[in-house]
Structures are given as structure tokens and as C-alpha cells.
Enquirer: 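One structure, pasted below without further comment.
Remember, it's a predicted structure, so these values are computed and weren't measured experimentally.
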Amino acid sequence: MSKLNVGYVGCGFMAQNVHLPNLRDSPQCNLRGLAEVRTDLGRKVQAKFDIAKFHASHQEMVRDDSYDAFAVSVGFVTQGRIARDLLRSGRPVFMEKPLSLTVRQAEGIVEAAQTPGARLMVGYMKRYDAGNQLVRSKVQALRESGELGPVTYVRAHGFCGDWIGGMDTTMEDSAEPLPIEDREVPAWLPPPKKAAYVTYLQQYVHNLNLIRYLLDAGDDAHVTAVDLDDDGFQGIACLRVKGVRAVLESGGLRHHSWEEHTQIYFRDGWIHTWAPPLLHENLPAKVEVYYGGESHRYEQPLPKDRWSWAYRREMEAYLRAVQTGEEFLTPGADALTDVRLVEEILHRKWG
């Protein structure tokens with residue numbers, strides 16, 4: 001297939017250290033253009049990645065018919081509005097998570113993705129981690145065989161730590177200030193809690209999305225109980241996901257690596273997956289399967305793509321799906337569910 005002409009909006013941390021390098025290095029992509037409101041930064045990043053075109057705004061970029069697809073990663077509020085404008089041009093869009101800060105805004109973005117020719121993929125890289133994909137296939141197989149009995153419980157633990165993992169993050173910078181974002185948050189949220197709301201949302205939509213993915217739950221998820229500290233971060237949220245009790249443990253830890261793992265319990269065993277530091281470019285999630293019951297054993301299976309990076313596999317999947325027309329693994333309509341769940345969790349705390 002011919003390469004896709006891709007236009008990218010944004011020159012921040014994720015753009016420079018993750019998405020632009022992955023697009024530049026992909027054999028499926030011609031990284032044709034870059035849009036950035038801070039002109040001095042945009043020109044430096046354009047030169048660094050040898051990008052042919054520069055645009056001073058996404059509105060200017062979207063008027064250019066030479067692009068086959070777009071990608072965007074900027075501030076959490078702004079990127080949703082930009083994605084909506086790009087989608088209305090009738091072309092596919094990749095955007096970083098979260099989809100939005102509110103269900104109302106998310107619904108508007110998903111509606112724009114219904115424009116003929118448009119499709120939206122949201123950057124939930126955990127679903128593209130080769131280890132997590134192995135876990136999902138194991139869960140499905142064990143459910144079908146009944147070997148370990150029914151799924152009884154899910155524990156998702158995310159205490160964070162060093163997510164950079166030693167990655168070289170030398171970046172181009174700008175003397176121009178970022179535009180001030182008008183953060184649209186739920187009407188029930190007390191104004192002093194805005195920053196805490198955004199912090200929880202941007203971190204734990206990942207874990208909520210992964211639980212739903214591993215259980216193949218779709219939108220079948222709701223919150224049952226919440227016990228969070230006054231910071232709105234440290235604590236637990238209890239959910240029912242496709243009929244299974246799930247607990248999300250959130251918090252902060254000054255950890256030398258990345259302290260995040262997910263465990264799916266069956267009656268007679270479990271499957272456990274440990275996330276690597278997120279920017280570790282060559283390491284998927286570690287997987288352990290425990291078989292209990294009449295006999296006992298452990299397995300530590302490796303995925304076929306055992307030296308791989310979830311972010312790179314994510315972008316490859318986006319480009320491939322745009323070329324072939326296959327469905328996105330992380331479509332915008334599905335990502336709306338995670339925004340809803342975060343609103344439910346924090347509404348119980350502060351609403």
C-alpha cells in the first residue's frame with residue numbers, strides 16, 4: 001500500500017518523544033505536515049523531524065486536502081476541540097487520551113466522528129501492549145474452557161512512579177507561552193477541585209479502559225462505591241464490570257520504576273500482568289498465570305512480539321486500520337465510557 005500523508009498537531013512532550021518519532025519511522029507513513037500555535041517551537045520541531053509542511057494552526061492544516069489522516073496531542077481540553085474540527089473534515093484522527101474532561105464534550109467529539117469519511121482512535125496504548133493482548137486471549141480461553149472456574153474479582157493497582165524509564169527526552173522548547181486552556185469540567189465539581197479532577201482522569205482512564213478490555217465488557221461497567229482521600233487521588237473505587245467486582249487502587253509512590261499491575265482472579269487461579277515503565281521502548285507487560293485447584297503450577301508466558309513498545313504498536317495499528325478500513329481497537333465511542341466512569345467516581349466524592 002502507498003504511504004499515508006499524515007498531519008500532526010502539537011509539539012509537546014508526547015509529540016516529540018513518542019508520536020512524531022513513531023510516525024517518522026513507520027514505513028506506512030509520510031509525516032507530511034505539522035501544526036503548532038507556538039511558531040518558534042513548531043519550526044524547530046519541523047526541522048528536527050524533517051517535516052515538509054508547517055502550519056500555524058490546525059485550522060490552516062485542515063484546509064489542506066493533501067492529508068489522508070491526522071493525529072493530535074496537546075492539552076487535555078484543547079486536543080478534544082482540535083480533534084472535533086479535524087474529524088469534521090471527513091478524515092481519520094488519532095488523539096491522545098483522555099477523550100475529554102466531561103461526558104458532554106466527549107459526546108460532541110464522538111458525534112463529529114460520524115462525519116462521512118471520519119473515524120476516531122484514542123491513544124489507549126495499554127490495549128496495544130503485546131503482554132496485555134496475551135492476557136486478554138488467556139482470559140477468553142480460560143472462560144471458554146472453564147478450567148479455572150468463573151472470573152470472581154479484578155484488582156487494578158496504579159501507584160505510578162518513574163514512567164520515563166531512562167528514555168532520552170531531550171526536547172525543543174519555546175519562549176512563547178502556551179495558550180491558556182478554558183477547562184470545561186462537570187458543573188457539579190467544586191472549582192478548587194478542578195486540578196485534582198484532571199489529574200485523576202488523565203491517569204486512571206487507562207486502568208478503567210484496560211479492565212473493560214480484558215473482560216471484553218464494552219459499556220457494561222458502573223461504579224458501586226468510592227473511598228478516596230481529600231486529594232481525590234489516593235484510595236479505591238469499586239465497580240461492577242460485566243457482572244464482575246473490580247477494584248481500582250489509586251495513589252502515588254516515589255518508586256524507582258513503574259508500580260502498576262492488574263490481576264484477574266478465577267475461582268481456581270489468576271492471571272496477573274505488570275506494566276513496564278511507560279516509555280520503555282522495548283518491553284511489554286509481564287504476564288503470570290497461576291493454576292490452582294487439584295494441582296498447582298505457575299506459567300510466565302511471553303507474547304510473540306516479546307521485545308516491543310506499546311506506543312509503537314499503537315501507532316502502527318492506527319496507520320494500518322486507516323489503510324485497510326479495519327475497526328479501531330480503541331474507538332472514540334468506546335473511550336466515552338471511561339470519561340463517564342471517572343465522572344461517576346469523582347461525583348461520589350465531590351458531587
Side-chain angles (χ1 to χ4, degrees), residues 10 12 14 72-88 93 95-114 120-124 126 156 158 160 178-213 217-241 246-252 330-351:
M14 291 299 293
V72 54
S73 62
V74 295
F76 298 136
V77 178
T78 307
Q79 70 174 3
R81 294 170 179 163
I82 291 173
R84 183 184 59 196
D85 293 344
L86 299 173
L87 287 163
R88 286 174 175 165
V93 175
M95 67 174 289
E96 257 299 337
K97 60 80 200 168
L99 176 62
S100 68
L101 299 192
T102 67
V103 169
R104 188 180 75 164
Q105 186 190 32
E107 289 172 341
I109 298 167
V110 171
E111 181 181 0
Q114 305 306 310
L120 176 62
M121 174 173 152
V122 180
Y124 283 113
K126 292 185 186 299
C160 307
L178 276 168
I180 297 174
E181 287 190 317
D182 178 18
R183 290 188 166 181
E184 176 187 328
V185 294
W188 50 261
L189 184 69
K193 301 300 183 181
K194 284 186 178 183
Y197 177 91
V198 173
T199 298
Y200 188 96
L201 173 87
Q202 68 88 18
Q203 181 63 42
Y204 292 108
V205 288
H206 269 309
N207 303 85
L208 294 166
N209 187 272
L210 182 61
I211 294 170
R212 295 192 302 107
Y213 171 66
D219 190 47
D220 187 0
H222 62 275
V223 179
T224 60
V226 172
D227 182 6
L228 293 173
D229 288 350
D230 290 340
D231 62 6
F233 194 76
Q234 189 93 28
I236 60 172
C238 301
L239 305 95
R240 282 281 176 174
V241 182
V247 172
L248 171 58
E249 303 170 354
S250 59
T330 52
D334 181 75
L336 193 156
T337 298
D338 306 306
V339 180
R340 171 179 64 80
L341 291 172
V342 169
E343 279 209 36
E344 287 182 16
I345 290 169
L346 294 180
H347 185 267
R348 284 175 178 254
K349 174 65 182 176
W350 290 318

Enquirer: Tell me, do Leu120 and Met95 make a side-chain contact under 4.5 Å, heavy atoms counted?
Expert: yes
Enquirer: What do the steps show when you test Gln203 against Ser250 for side chain to side chain contact (heavy atoms under 4.5 Å, CB included), and what is the final call?
Expert: CA-CA 9 Å; Gln203 181 63 42; Ser250 59; over 6 Å; no
Enquirer: Fit a plane to each ring of Tyr200 and Phe233, take the angle between them on a 0 to 90° scale, and name the class: parallel (under 30°), tilted (30 to 60°) or perpendicular (over 60°).
Expert: perpendicular
Enquirer: Is it true that a side-chain atom of Gln105 and a backbone atom of Gly80 form a donor plus acceptor pair closer than 3.5 Å?
Expert: no
Enquirer: So, for Val74 and Gly10, which heavy atoms are closest and what is the spacing to 0.1 Å?
Expert: CG1-CA, 3.6 Å
Enquirer: Starting at CD of Glu343, measure out to OG of Ser100 and round the result to the nearest 0.5 Å.
Expert: 8.0 Å
Enquirer: Could you check Leu101 against Phe76 for side chain to side chain contact (heavy atoms under 4.5 Å, CB included), going step by step and ending with a plain yes or no?
Expert: CA-CA 7 Å; Leu101 299 192; Phe76 298 136; 4.0 Å; yes
Enquirer: For a quick test of reading the model, state the closest non-hydrogen atom pair linking Val93 to Ala83 and the distance between them.
Expert: CG1-CB, 4.2 Å
Enquirer: Could you tell me the separation between the CD1 atom of Ile82 and the CG atom of Leu87, rounded to the nearest 0.5 Å?
Expert: 12.0 Å
Enquirer: Taking the side chain as C-beta and beyond, is there a heavy-atom pair between Leu99 and Tyr124 under 4.5 Å?
Expert: no
Enquirer: Could you check whether any side-chain N or O of Thr337 sits under 3.5 Å from a backbone N or O of Asp219, counting only pairs where one atom can act as donor and the other as acceptor?
Expert: no
Enquirer: Just grab all the salt bridge (charged side-chain N to carboxylate O under 4.0 Å, His left out) pairs involving residues 186-212, residues at least two apart or on different chains.
Expert: Arg212-Asp334, Arg212-Asp338
Enquirer: Are side-chain heavy atoms of Pro179 and Thr78 found at a separation under 4.5 Å?
Expert: no
Enquirer: Determine whether more than 12 heavy atoms belonging to other residues, nucleotides or ligands lie under 6.0 Å from atom CZ of Arg104.
Expert: no
Enquirer: Heavy atoms only: give me the nearest Ile211-Ala156 pair and the separation to one decimal.
Expert: CD1-CB, 3.8 Å
Enquirer: Under the salt bridge (charged side-chain N to carboxylate O under 4.0 Å, His left out) definition, can you give me all pairs with a residue in residues 227-238, not counting sequence neighbours?
Expert: Asp230-Lys349
Enquirer: Restricting to non-hydrogen atoms, name the atom on Gly123 and the atom on His206 that form the minimum distance, rounded to 0.1 Å.
Expert: O-CE1, 3.9 Å
Enquirer: Could you tell me whether a side-chain N or O of Gln79 sits under 3.5 Å from a main-chain N or O of Glu96, the two making a donor and an acceptor?
Expert: yes
Enquirer: Test Lys126 against Lys97 for side chain to side chain contact (heavy atoms under 4.5 Å, CB included), laying out the working first.
Expert: CA-CA 11 Å; Lys126 292 185 186 299; Lys97 60 80 200 168; over 6 Å; no
Enquirer: With distance as the sole test, does Thr102 use its side chain to make a donor-acceptor pair with the main-chain N or O of Pro186 at under 3.5 Å?
Expert: no
Enquirer: Quick one: CD on Glu344 to CG on Leu239, what's the gap to the nearest 0.5 Å?
Expert: 8.0 Å
Enquirer: Could you tell me which non-hydrogen atom of Gly332 sits nearest to which non-hydrogen atom of Val122, and how far apart they are?
Expert: CA-CG2, 3.9 Å
Enquirer: To the closest 0.5 Å, what do you measure between OH (Tyr204) and CG (Leu210)?
Expert: 13.5 Å
Enquirer: Has Arg340 got a side-chain atom pairing as donor or acceptor with His222's backbone, closer than 3.5 angstrom?
Expert: no
Enquirer: For Glu184, look at atom CD and say whether over 12 heavy atoms of other residues, nucleotides or ligands are found less than 6.0 Å away.
Expert: yes
Enquirer: Nearest 0.5 Å please: distance from the CG atom of Leu346 over to the CG atom of Leu228.
Expert: 6.5 Å
Enquirer: Ignoring hydrogens and geometry, is there a side-chain-to-backbone donor-acceptor pair from Tyr213 to Thr330 under 3.5 Å?
Expert: no
